[in-house]
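Worksheet: one structure, shown below.
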Amino acid sequence: RFAKRSISSSTRPAKTLPFFPSSKDAAGTRNEEPFRMLMLAKPGAGKGTLSGRLIEKYDIKFLSTGDILRQHIKDKTEIGRTAETIVAQGGLLSDDLMIRLLASNMESLKGKNWIVDGFPRTLRQGELLDTYLESTSSPLSLIVHLDVPDEVILGRISDRWIHPGSGRIYNYSYNRPKVDGLDDVTGEPLAKRPDDNPEVFARRLQAFYNATSPLLAYYRSRSHSKLVSLAGKTSDEIWPQLERVIQSRFRLKPKSDTRSSASAQSRGVPEAVI
């Protein structure tokens with residue numbers, strides 16, 4: 001079902017109910033282990049929006065390889081300069097480099113609830129991540145796959161703008177800034193990402209299919225009970241599904257001061273740039 005597809009042959013997902021595998025034990029209790037989630041999705045599918053809503057509502061730490069790389073790019077380090085060129089061409093960074101960057105930032109998350117965004121995206125990356133997490137006795141407890149149609153994603157990118165300093169994402173179709181062209185928080189100008197054009201984005205989607213189909217098959221065979229696929233065209237369609245999965249699997253308590261609207265929540269976390 002996740003065989004390689006070309007962009008032109010992408011079809012809309014069938015209207016079926018999302019699959020929510022049970023994670024309760026024999027006694028029917030919820031999972032007591034920390035919430036350690038990985039979200040897999042095409043670029044532009046809404047990972048940042050959904051992750052933002054989760055960390056706004058629950059006490060969950062967010063670790064994005066995109067954030068790490070953006071800092072390197074901003075600081076003009078050797079890794080940053082290399083990454084900037086690869087990203088602009090729609091490519092991906094090496095597996096060994098990414099796992100080193102991620103591991104160095106995960107040491108402080110031991111025993112905490114967290115979401116990893118932007119890694120892994122290939123079978124080898126998934127194997128490297130599993131090996132590292134098992135060595136620290138912190139295996140993944142939930143793997144979410146977002147299934148958003150290609151045509152929906154390609155239609156979004158022309159309307160997408162970012163605040164370079166923070167990575168906040170806006171979309172003129174459904175998540176407009178309060179003042180056109182300006183960041184809501186700082187008032188600074190918004191900008192386009194170098195890979196936000198149809199030609200480069202189509203290559204990124206094809207690269208996603210080529211690399212991620214084996215990864216999904218790996219998780220399906222190795223961690224079937226932890227893998228959940230959620231389908232929809234927008235984050236607002238997928239969010240209730242994700243909430244049901246989390247509430248049925250984990251004992252996460254909402255933050256007592258959660259009063260922000262969905263639109264404000266959606267801007268809390270930038271989407272990974274790789």
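All residue numbers in this chain count up from 1 along the given sequence.
With sequence neighbours excluded, the residues that form a side-chain contact (heavy atoms from CB on, under 4.5 Å) with Lys192 are Trp161, Asp196. Every residue two or more places apart in sequence or in another chain was checked for a side-chain hydrogen bond (donor to acceptor under 3.5 Å, both in side chains) with Asp59, and none qualifies. Under the side-chain hydrogen bond (donor to acceptor under 3.5 Å, both in side chains) criterion, Arg222 pairs with Asp130, Glu134, Tyr218, sequence neighbours left out.
Side-chain contact between Tyr132 and Leu102: absent, with no pair of heavy atoms (C-beta onward) separated by less than 4.5 Å. Contact of the Arg193 side chain with the Arg160 side chain is registered, since non-hydrogen atoms from C-beta on lie closer than 4.5 Å. At a threshold of 4.5 Å between non-hydrogen side-chain atoms, the residues Tyr172 and Asp180 count as touching. Side-chain contact check for Ile115 versus Phe35: some heavy-atom pair is nearer than 4.5 Å. Residues Pro120 and Leu215 form a side-chain contact, since some pair of their non-hydrogen atoms from C-beta on lies under 4.5 Å apart.
The residue from Leu190, Asp184, Asp183 that alone fulfils the side-chain contact (heavy atoms from CB on, under 4.5 Å) condition with Arg168 is Asp183. Applying the side-chain contact (heavy atoms from CB on, under 4.5 Å) test between Met39 and each of Leu242, Leu142, Ile143 identifies Leu242 as the sole match.
Considering every non-hydrogen atom in both Gly232 and Pro149, the closest pair reads O-CD, 3.7 Å. Smallest separation of non-hydrogen atoms from Asn175 and Ile169: ND2-O, 3.2 Å. The two residues Ile55 and Ile60 make their nearest non-hydrogen contact at CG2-O, 3.4 Å.
With rounding to the nearest 0.5 angstrom, the OH atom of Tyr170 is 8.5 Å from the NZ atom of Lys178. Taking CD1 of Ile238 as the start and NZ of Lys233 as the end, the distance is 12.0 Å to the nearest 0.5 Å. Rounded to the nearest 0.5 angstrom, Lys47 NZ and Ser64 OG are separated by 8.5 Å.
Side-chain atoms of Ser223 do not come within 3.5 Å of backbone N or O of Lys226 as any donor-acceptor pair. Looking at Arg36, its side chain never comes within 3.5 Å of a backbone N or O of Ser141 through a donor-acceptor pair. Side chain of Thr212 to main chain of Thr122: no donor-acceptor pair is present (N/O by atom type, distance under 3.5 Å, no hydrogens or angles).
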